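Report on the structure given below.
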Amino acid sequence: MEQSTHDARRLIVVSNRLPVRVTHEEGKLRIRQGAGGLVTALAPVLRDRGGLWVGWPGATGPGLNAVCRQFSKDAGYLLRPVELDDADVAGFYQGFSNEIVWPLFHEFMLPCNFLPTYWEAYRRANAKFSAAVAAAGRPDDFIWVHDYHLMLMAKQLKEMGKSFRVGFFLHIPFPPADIFLRLPWRRQVVDALLEFDLVGFQTLKDRVNFAESVRRLYPGSRRKGRGQVVSVSSRGRQTRIGGFPISIDFQSFVRDAARQEAVAAARKLREAFGNRFVLFGADRLDYSKGIPERLNAFAHLLESSPELHGKVCLIQVTVPSREEVPMYRDMLAQVERLVSGINGRFATPGWTPVNYIYRNLPREELITYYMAADMCLVTSLGDGMNLVAKEYVACNAALTGTLCLSEFAGAAMEFHRHAAMINPFDVEGVARAIREAMDTPAAVRRRHMRALRDILRRFDVFQWVDSFLMAAFSKRLGDFPTKDG
Ligand code: G6P
């Protein structure tokens, strides 16, 4: 076992959003810790190494630096806000990131809006993040850049004369070469990614897709090594690329789901649904999540199985997201139409087939739904990983639930043997998977859920951080095992 994660280098984490929520309240700026697994996993590492998190605070105003300083004191690591102006938000965040990279990388061509001004805004905003790192970084810091908003940073840092070691992790899928190569700025993006020392992907499939795009752009490029981390060499430069499936803080979900209040709330929720089979979905309102497809499959189930009327219901939690981007606004209307269509057609007194919730749920409430649901529906049309699938499994200590999982979610790579695997475009197949789960004996459900939990227990978000950092600090290729081997 290597000692590489114990390397004393300071860590600078960079992501588009800082791990906090900054809001205006009663004329003052307020700052709160953001939710999510990434901050849970990275905060202790940052604290240990005396690190720094660079990112966009989302809101701005006088006093921003002061609230960030206060937060830094309490959190034990520094926050360095990057302020984006309205043009950055429109061109870099809403434009290039969410109207080009997001749809393209999830293999949706139609929403892609390849405006050259978006590319300019992307470069400009990436340069702001790079400048913040260049100003704050010391020569032997390790810089860990996250996600598709910031793919140009390693190259820009070098152009600024900085020779940090820089790693990158892509949280979303990397598409097949035939899709990626439609990007007008494909060469600039690939060149920039190759400037990182290590590029991490969610799955080996993403890594293979990236290597294929490199090969198509640079036929002379070569691949070296085997296993989790390999290297590609192109034009005299070697870049290590690897698959690092992200995870969740499994034990914290286990703990929260074991709390008395949680158990009581889940029991109450179950009572409200009686003996009905409860299906559950929770997603940001995003076209990649397959929410309309899921609703269509549910409608198909009710249409094709009248004997199930009154016996099954779907709770759909949909979290508002990226409301300024046109595709997202259109989706809201589409989803609401589908929900009311199903309820209008099938509801009877005392039975509402779809319980639709459109708001951000606090973690405790979400956990209650996970605990109460008989089946969690993850129907992504494309998804880097899908942490809802993992959270559902972590909360199912009772071993009564079934995970219905899209084969197009990154989580499928780890979970496919023990989840009900579906093609989300196939309404009959999804309806069949639900019917089968309703008929599955409890012992079989228990066996599969136990196996899923065993996988998660071993591969949690802390293991993910360790294996990425180990790979980043090491020079070797191959596999990077977990703490316990
Ligand atoms: C995905 C991306 C994240 C992003 C999140 C929320 O999970 O991989 O980088 O932060 O969506 O989207 P938003 O646009 O609100 O940051």
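Just so it is clear, the structure is predicted and the values come from calculations on it, not from any experiment. Indexing begins at 1, ligand by ligand and atom by atom, following the structure's order.
- Protein heavy atoms are absent from the 4.0 Å sphere centred on atom 7 (O) of ligand 1.
- With ligand atoms numbered from 1 in the order given, ligand 1 contributes 8 (O) to contacts under 4.0 Å with heavy atoms of His171.
- Note on ligand 1: Arg284 sits in its first shell, one or more heavy atoms being nearer than 4.0 Å.
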Practice item. Run the numbers on Trp102 and Asp286 for side-chain hydrogen bond (donor to acceptor under 3.5 Å, both in side chains), then give the verdict. Key: CA-CA 10 Å; Trp102 181 271; Asp286 194 299; 3.2 Å; yes
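- Taking 4.0 Å as the cut-off between side-chain N and carboxylate O, Arg457 and Asp454 count as a salt-bridged pair.
- Short contacts between ligand 1 and His149, defined as distances under 4.0 Å to a heavy atom of the residue, involve ligand atoms 9 (O).
- Annotation: cation-pi pair Arg123/Trp185 absent, no NZ/CZ under 6.0 Å from the ring centroid and within 45° of its normal.
- Residues Phe415 and Leu456 are in side-chain contact: their nearest non-hydrogen atoms beyond the backbone lie under 4.5 Å apart.
- Interface of Asp147 with ligand 1, defined as ligand atoms under 4.0 Å from a residue heavy atom, comprises 2 (C), 3 (C), 8 (O), 9 (O).
- If you check which protein heavy atom lies closest to atom 14 (O) of ligand 1, you get Tyr93 OH, 2.5 Å.
- Numbered from 1 in the order shown, with element, the atoms of ligand 1 that lie under 4.0 Å from a heavy atom of Ile172 read 8 (O).
- Atom 12 (O) of ligand 1 has its closest protein heavy atom at Arg322 NH2, 3.0 Å.
- A salt bridge is absent between Arg259 and Glu364; no separation between the charged side-chain nitrogens and carboxylate oxygens falls under 4.0 Å.
- Ligand-side atoms of ligand 1 in range of Arg17: 13 (P), 15 (O), 16 (O), range being under 4.0 angstrom from any heavy atom.
- Of the charged side-chain nitrogens involved, none lies within less than 4.0 Å of a carboxylate oxygen, so that Lys162 and Asp141 do not count as a salt-bridged pair.
- A cation-pi arrangement, defined by a distance under 6.0 Å to the six-membered ring centre and an angle within 45 degrees of its axis, is absent between Arg10 and Tyr77.
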